[in-house]
Amino acid sequence: MLELLSFGPNGWGGQLLSGLAMTIAVSVSSFTLGILFGSAGAAAKLSHSLILNGIAELYTTVVRGVPELLVIYLLFFGGSGMIMAVAGIFGYDGYIEINAFSIGVASVGLISGAYSTEVIRGAVQSVPFGQIEAARACGMSRWLILRRVLVPQTLRYALPGLGNVWQLTLKDTALISVTALAEIMRVAHVAAGSTRQPFLFYTTAAVLYLLLTTVSTVAFEQAERRANRGVRRA
Amino acid sequence: MDWELMWDSLPRLLGAMPLTLLLVFAALFFGAGVAFATALLRLSGNRVAETLTAAYVFVFRGTPLLVQIFLIYYGLGQFETVRDSFLWPMLREPMWCAILALTLNTGAYTSEILRGAILSVPLGQVEAARACGMSRVLTFRRIVLPVAIRQMLPAYGNEMILMVKASSLASTITMLEITGLARKIISQSFAVFEIFILAGAIYLLLNFLAARFIKYTEWRLTPYLRARA
């Protein structure tokens, strides 16, 4: 039975491995996109503009309150329609098809971004205001304060929360298998169907995910230790 | 936007709400039992029990819920022994598989919430109870558990909302709850945005109600924190 997992011509090892690579690629891309969305969302929530506040609030409430699967379905079935409508405004009437990878990254990134928004907002707020004042007193411009004081400090405070968001993102990528993108879950599903060994392949998928989550837990612990190396501990 | 279609589909989608609610309530109900047992075993001091429960929590928190659902629904049926056992009539039904997967999933997460809450009960209170001559069981029932439950409410509220969202995964094993039905309606009408927005709104409403309910329970359980009139 285990030869089904081998790398030979009858084994699914190679496909599972490329599925693993695809899961990592989608997770990293979505997480990065999520941090971009999250930074924009946090900036909007902390700004003094009521409109920006409202938009960011709507974004986090809706995306966090609706099932992830629904968001993925919406972009999967409605995504090209949306893009074509926008292209239509600019005078392009052809058919536009978006590949499953982009749809997956866009939808999981959107979800990840909603959670990152809250994490980053909290982290920005926990930077002591005295430091900003001190930087201002030194004559730093707004941009310089952002680069030298706010962002490095925020990163340190946000790291534990972002670690949690990363784990969520990693597990959410399993849902992209509904769009037939060949990540771990999809490969396991196809292999289970064609070999009639569902237990074997879903267990393998579970083990691969456990591997990813365990490695990332350790990696984030290391990163936290490194980020906090300048902090005095009682 | 086809408002008429949205209006006409609303009763159909609302008709799927009882199934979603059933999945959520069943999972939360059984999950609470699993979580309670798991948390107690993890704190029991018995090495074997601690290792087993830690492994259970590790596996179910470290893998996506979708894997767990597929493993139970498609995976278990592969074995002759399972198909011959008395459990098969239940494990054959997607409904029970979904409830089982959701239960085990929320059980793992909730047990960690409960464990943290139990550990956060101030030791002084336990000492005081012991000094009053209470037995271990009585201390747990009268002192530790009530304090722990109040402590865990906000985190448990998040878990309830996660379960409402997680119930949508039951649609991947052919269940026609809100998400499943929404997909079915879309395959007939091709109105992607209208129907998914409607379904999303129903989920938002459910989660809003869940959040209010938790807030209210918190308020009820902490009379001493309220401002005195």
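Here is how names work: the chains are called A, B, and so on, in the same order as the sequence lines, proteins then strands, and each is numbered from 1.
Crowding of B:Trp7 atom CH2: a count of heavy atoms from other residues, nucleotides or ligands under 6.0 Å not exceeding 12. The number of heavy atoms from other shown groups lying within 6.0 Å of CD (B:Gln188) is above 12. Within 6.0 Å of the CD1 atom in A:Ile51, the count of heavy atoms belonging to other residues, nucleotides or ligands does not exceed 12.
A salt bridge links A:Arg121 and A:Glu118; the closest N-O separation between the charged side-chain nitrogens and carboxylate oxygens is under 4.0 Å. Of the charged side-chain nitrogens involved, none lies within less than 4.0 Å of a carboxylate oxygen, so that B:Arg47 and B:Glu50 do not count as a salt-bridged pair. A salt bridge between B:Glu80 and B:Arg83 is present, with a side-chain N of the basic residue lying under 4.0 Å from a carboxylate O of the acidic one.
Side-chain polar atoms of B:Glu194 and B:Ser9 form no donor-acceptor pair below 3.5 angstrom. Looking at B:Thr179 and B:Tyr203, their side chains do bring a donor and an acceptor atom within 3.5 Å of each other.
For A:Ala206, the parts lying near chain B are the backbone and the side chain together; criterion is any non-hydrogen pair under 4.5 Å. With a 4.5 angstrom heavy-atom cutoff, B:Phe58 touches chain A via backbone and side-chain atoms both.
Scored by the ring-ring contact (aromatic ring centres under 6.0 Å, His included) test, B:Phe60 finds B:Tyr56 as partners (sequence neighbours excluded).
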* To do: Carefully, step by step, assess B:Arg115 and B:Glu112 under the rule salt bridge (charged side-chain N to carboxylate O under 4.0 Å, His left out).
  => CA-CA 5 Å; B:Arg115 189 174 68 100; B:Glu112 283 297 276; 3.2 Å; yes

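If you look at B:Phe25 and B:Phe29, their ring centroids are not closer than 6.0 Å. Checked against the 6.0 Å centroid criterion, the rings of A:Phe201 and A:His189 do not qualify as a close aromatic pair.
Among all heavy-atom pairs drawn from B:Ser44 and B:Ala49, the shortest one is OG-CB, 4.0 Å.
Using a 4.5 Å heavy-atom cut-off against chain B, the contacting residues of residues 69-89 of chain A are A:Leu69, A:Leu70, A:Tyr73, A:Leu74, A:Phe77, A:Gly78, A:Met82. Among the residues in residues 213-225 of chain A, those with a non-hydrogen atom closer than 4.5 angstrom to a non-hydrogen atom of chain B are A:Thr213, A:Thr214. Close approach to chain B, defined as a heavy atom under 4.5 Å from one of its heavy atoms, is seen in no residue of residues 21-37 of chain A.
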